[in-house]
Engineer: 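Structure provided below as structure tokens; questions to follow.
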Amino acid sequence: MSNTTSRFLDGPASEVAPQLLGCIIERTLPTGTILRGRIVETEAYDQTDTASHSYKGKTPRTEIMFGPAGHLYVYFTYGMHYCCNVVTGPSGYGAAVLIRAVEPLQGQEDMALRRSRHGRELTNGPAKFCQAFAIDTSLNGHDLQTPPLKLIVPLERRGEIVQTTRIGISTAKDVPWRFYYRDNPYVSKTNS
DNA sequence: TGCCTGATGTTCT
DNA sequence: GAACATCAGGCAC
């Protein structure tokens, strides 16, 4: 990945989130297996936002969010799930984009082994995606320009983007910072 | 189809 | 000690 492709990650999370749609996540497992997926759903969070982990300032847990853009922020939640974010914005500003869902492109069989599920159930949710791609806190702070987890920006991105309020949170529910591809079966769910 | 709840541990108050 | 950017299974309708 070149500097040119990563530059857009320096922008505000709410502007980066829709631009991440259509980007490719490439995961190299310790076994050498390559997994690839296309991002189809994201949510933006930043330090002005009460629903964001960075809202209350930098802590040992959230310091990655305040670091340079293009790194991975992985956190553990609900006692059993991981979620992964792409850090955005300038260093010192706590912002990131949650990857909520991807469309599997390569390595579906390997994902199914970890998920014990098939089809859209492989990756249609933030914790599901992390499980399918074997992402945990050992990758917290990882630079997405290098293996074993790379973000690839394609020349062309297809799909109609829908912008709505976020889901799965208890505060700031009215902030319209969720973005997804309309009618894509791998999106976690549509707003009701 | 849709609501309810248990699982389970890290972080912060 | 409570909250939590979740998921899956069970049960009622």
Engineer: Under a 4.0 Å N-O cut-off, is there an ion pair linking Lys150(A) with Asp143(A)?
Structural biologist: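 A salt bridge is absent here (no side-chain N lies under 4.0 Å from a carboxylate O).
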Engineer: Among all residues two or more places apart in sequence or in another chain, which pass the side-chain hydrogen bond (donor to acceptor under 3.5 Å, both in side chains) test with Glu156(A)?
Structural biologist: none
Engineer: Quick one: does Leu105(A)'s side chain get under 4.5 Å of Ile24(A)'s, heavy atoms only?
Structural biologist: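 When only atoms from C-beta onward are counted, Ile24(A) and Leu105(A) do touch, with a gap below 4.5 Å.
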Engineer: Among Phe76(A), Tyr75(A), Tyr73(A), which residue meets the ring-ring contact (aromatic ring centres under 6.0 Å, His included) test with Tyr82(A)?
Structural biologist: Phe76(A)
Engineer: Counting primed atoms plus P, OP1 and OP2 as sugar-phosphate and everything else as base, spell out the protein contacts along nucleotides 1-9 of chain C at 4.0 Å heavy-atom distance: B, S or - for each nucleotide, 5' to 3'.
Structural biologist: ---BBBSSS
Engineer: Who else is in Leu155(A)'s hydrophobic cluster (ILVMFWY, side-chain heavy atoms under 4.5 Å, direct or via others)?
Structural biologist: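 Taking Ile, Leu, Val, Met, Phe, Trp and Tyr as members, Leu155(A) stands alone, with no cluster partners.
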Engineer: Under a 4.0 Å threshold between the charged nitrogen and the carboxylate oxygen, would Arg36(A) count as salt-bridged to Glu26(A)?
Structural biologist: yes
Engineer: May I have the distance from Lys58(A) (atom NZ) to dT11(B) (atom P), rounded to whole angstrom?
Structural biologist: 17 Å
Engineer: Suppose the criterion is salt bridge (Lys or Arg N to Asp or Glu O under 4.0 Å): which pairs have a residue in residues 81-103 of chain A, not counting sequence neighbours?
Structural biologist: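 Passing the test, one end in residues 81-103 of chain A: Arg38(A)-Glu103(A), Glu41(A)-Arg100(A), Glu43(A)-Arg100(A).
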Engineer: What is the separation between atom CZ on Phe76(A) and atom P on dC12(B), rounded to the nearest whole Å?
Structural biologist: 15 Å
Engineer: Apart from Tyr55(A) itself, which Ile, Leu, Val, Met, Phe, Trp or Tyr residues share its cluster (side-chain heavy atoms under 4.5 Å, direct or through members)?
Structural biologist: none
Engineer: dT8(B) P sits how many Å from Tyr82(A) OH, rounded?
Structural biologist: 14 Å
Engineer: Only stems of 3 or more consecutive Watson-Crick or G-U pairs count here, both distances under 3.5 Å; name the ones for DNA chain C, or none.
Structural biologist: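 So far as stems of 3 or more pairs are concerned, DNA chain C shows B:1-7 with C:6-12, B:9-12 with C:1-4.
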